[in-house]
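Below: one structure, written as structure tokens.
Residue numbering restarts at 1 for every chain, and letters A, B, ... go by the order of the sequence lines. Source: prediction; values computed, not measured. Heavy atoms only: backbone and side chains are in, while hydrogens, waters and symmetry mates are out.
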Protein chains: 2
Amino acid sequence: MLSYTEENYLKALLMLGLQNEDKPEVGTNDMAAYLGVKPATATDMLKKLKEKDLVTYQKYGKILLTAIGRKKGIAVLRKHRLWETFLYEKLDFSWDEVHEVAEQLEHIQSEKLVNKLEEFLDFPEFDPHGDPIPKANGEIPIVHRILLSEMKENETCRVVAVKDTSALFLQYLERLNVTIGTKITVLEVVDFDGSLNVQIGNAPVRSVSVKFAESLFVKK
Amino acid sequence: MLSYTEENYLKALLMLGLQNEDKPEVGTNDMAAYLGVKPATATDMLKKLKEKDLVTYQKYGKILLTAIGRKKGIAVLRKHRLWETFLYEKLDFSWDEVHEVAEQLEHIQSEKLVNKLEEFLDFPEFDPHGDPIPKANGEIPIVHRILLSEMKENETCRVVAVKDTSALFLQYLERLNVTIGTKITVLEVVDFDGSLNVQIGNAPVRSVSVKFAESLFVKK
DNA sequence: TAAATTTGTTAGGTTAGTCTAACTTTAGTA
DNA sequence: TACTAAAGTTAGACTAACCTAACAAATTTA
């Protein structure tokens with residue numbers, strides 16, 4: 001059985017690994033930063049995880065999850081996203097409130113609970129932020145998606161997920177009436193600063209920053 | 001903010017205190033036994049809780065929750081019972097499965113979560129075992145109830161709660177088709193061993209042991 | 001390629017929560 | 001009331017997860 005903390009390290013490694021899909025290797029500092037601990041602490045834990053065959057790594061090298069480690073990490077991520085969905089759909093939590101509570105709920109140990117929860121939610125495919133929910137068998141549905149910033153002029157897309165899940169960004173999206181599924185048309189890409197003139201739904205045309213465009217996942 | 005462990009100690013003190021309603025004082029050993037730790041460990045924690053003004057006690061004396069300690073304990077109990085209700089009602093858990101998972105869920109920190117959960121469950125008054133769910137303000141509905149063993153011959157009652165919540169007992173009840181609300185008529189009290197001849201619902205008359213009768217709460 | 005910077009590790013220390021073994025106090029009983 | 005048993009405490013030790021400060025390796029850059 002893994003401790004609360006060990007689970008967090010595995011999830012962190014999984015998440016960081018998923019971010020650069022080509023190479024899922026992760027560095028000590030990144031991991032420490034992600035978890036809000038000091039690098040020295042991360043090193044300690046790494047040794048422990050290696051001992052338990054959950055990661056492979058050697059001194060001064062990169063970290064990689066083993067098959068078992070990955071599976072455990074995915075299980076935590078699955079719970080996290082299912083709970084987020086529950087909070088959003090059933091308990092009326094807002095977009096930006098779900099994460100914090102799900103961080104706690106993801107560590108509840110009960111196979112039955114997570115599977116029943118999934119059933120109760122009617123086997124959702126995506127969490128409230130548009131991220132895919134891993135299946136019970138550990139499969140993570142692959143979602144074909146690009147950043148809004150990668151769109152060309154005069155292309156239209158739909159929002160499928162948020163990359164930045166900070167409350168600040170999510171609240172901003174809410175103000176702009178952007179949710180998962182919202183239609184966005186890119187009318188102009190401004191060379192000067194990379195900002196985009198876009199039409200969001202039926203609202204008047206407006207400009208959004210590069211930072212904004214790099215924080216939203218869309219699908220053509 | 002209280003730790004997971006501190007919360008458990010407060011809940012234990014509350015529960016043990018509620019058991020002898022006249023005197024809610026608790027001893028170190030009882031508390032330790034309840035929590036599955038050694039008395040020495042309990043003593044250590046007690047000092048800490050006293051330091052934080054959550055309990056009053058002095059060396060070799062009895063332990064009593066302060067108003068604050070009681071309030072915190074009740075908050076944990078409230079969460080526990082609401083989660084049990086959720087698992088039972090929404091996720092199809094059985095009587096004897098809810099406790100273990102609720103032991104974990106009761107420590108999730110989020111005011112909003114517990115209140116929304118309560119609303120989602122439509123403000124239940126009792127948990128699946130028939131125990132009252134504390135209100136958000138800390139009030140615990142007082143339930144007028146007696147043990148089945150206290151009934152006289154030819155009296156009829158309804159089951160309102162179980163005293164013993166062990167899986168063994170709950171599964172036995174299930175086999176006898178006893179749930180909250182089941183009608184029981186005491187036909188005879190056998191002097192020899194205190195066993196009762198009872199009619200449970202419409203089933204044929206049968207005998208139940210003292211131990212059984214002392215494990216069920218009923219209401220005339 | 002050598003120096004400087006970044007990245008990662010080691011050593012030693014802290015805190016919370018647990019334990020065992022030995023001891024002290026209180027309560028029950030002869 | 002004195003003794004014994006039960007209840008409770010203390011001292012000292014352990015583990016997990018964290019820290020800081022000092023050091024070592026790897027990478028970047030001049």
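One interatomic measurement links the two molecules: CD of A:E7 to C1' of D:dA16, which rounds to 15 Å at whole-angstrom precision. At whole-Å resolution of the value, CD in B:E6 and P in C:dT18 are 10 Å apart. The CD atom of A:E25 sits 12 Å away from the P atom of D:dT27 (whole-angstrom rounding). Whole-Å rounding puts the B:D44 CG to C:dT15 C1' distance at 13 Å. To the nearest angstrom, C1' of C:dT6 lies 17 Å from CE of A:M31. In this structure, the CD atom of A:E51 is 14 Å from the P atom of D:dT15, given to the nearest Å. Atom OH in A:Y4 sits about 19 Å away from atom C1' in D:dT15, given to the nearest Å. Computed from coordinates, the A:L49 CG to C:dT9 P distance equals 13 Å when rounded to whole Å.
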Distances under 3.5 Å only, N/O to N/O: pair up the protein atoms with those of nucleotides 7-9 of chain D.
{"unit_1": "D:dG8", "atom_1": "OP1", "unit_2": "B:T28", "atom_2": "N", "d": "3.4"}
{"unit_1": "D:dG8", "atom_1": "OP2", "unit_2": "B:T28", "atom_2": "N", "d": "3.4"}
{"unit_1": "D:dG8", "atom_1": "OP2", "unit_2": "B:N29", "atom_2": "N", "d": "2.8"}
{"unit_1": "D:dT9", "atom_1": "OP1", "unit_2": "B:Y57", "atom_2": "OH", "d": "3.1"}
{"unit_1": "D:dT9", "atom_1": "OP1", "unit_2": "B:Y60", "atom_2": "N", "d": "3.3"}
{"unit_1": "D:dT9", "atom_1": "OP2", "unit_2": "B:T28", "atom_2": "OG1", "d": "3.1"}
{"unit_1": "D:dT9", "atom_1": "OP2", "unit_2": "B:T43", "atom_2": "OG1", "d": "2.8"}
{"unit_1": "D:dT9", "atom_1": "O4'", "unit_2": "B:Y60", "atom_2": "OH", "d": "3.4"}

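In summary, A:D131 and A:R145 engage in a salt bridge, as defined by a charged side-chain N under 4.0 Å from a carboxylate O.
Pairs passing the side chain to side chain donor-acceptor pair (under 3.5 Å) check and including a residue from residues 56-78 of chain A, sequence neighbours excluded, read A:R78-A:N115, A:R78-A:E118.
By the 6.0 Å and 45° rule, B:K112 stacks over the aromatic ring of A:F93.
Proximity of B:M151 to B:V189: side-chain heavy atoms (C-beta onward) are nowhere separated by under 4.5 Å.
Side-chain atoms of A:K79 come within 3.5 Å of backbone atoms of A:I108 as a donor-acceptor pair (strictly under, hydrogens ignored).
Note: B:S166 OG to B:Y172 OH = 12.5 Å, rounded to the nearest 0.5 Å.
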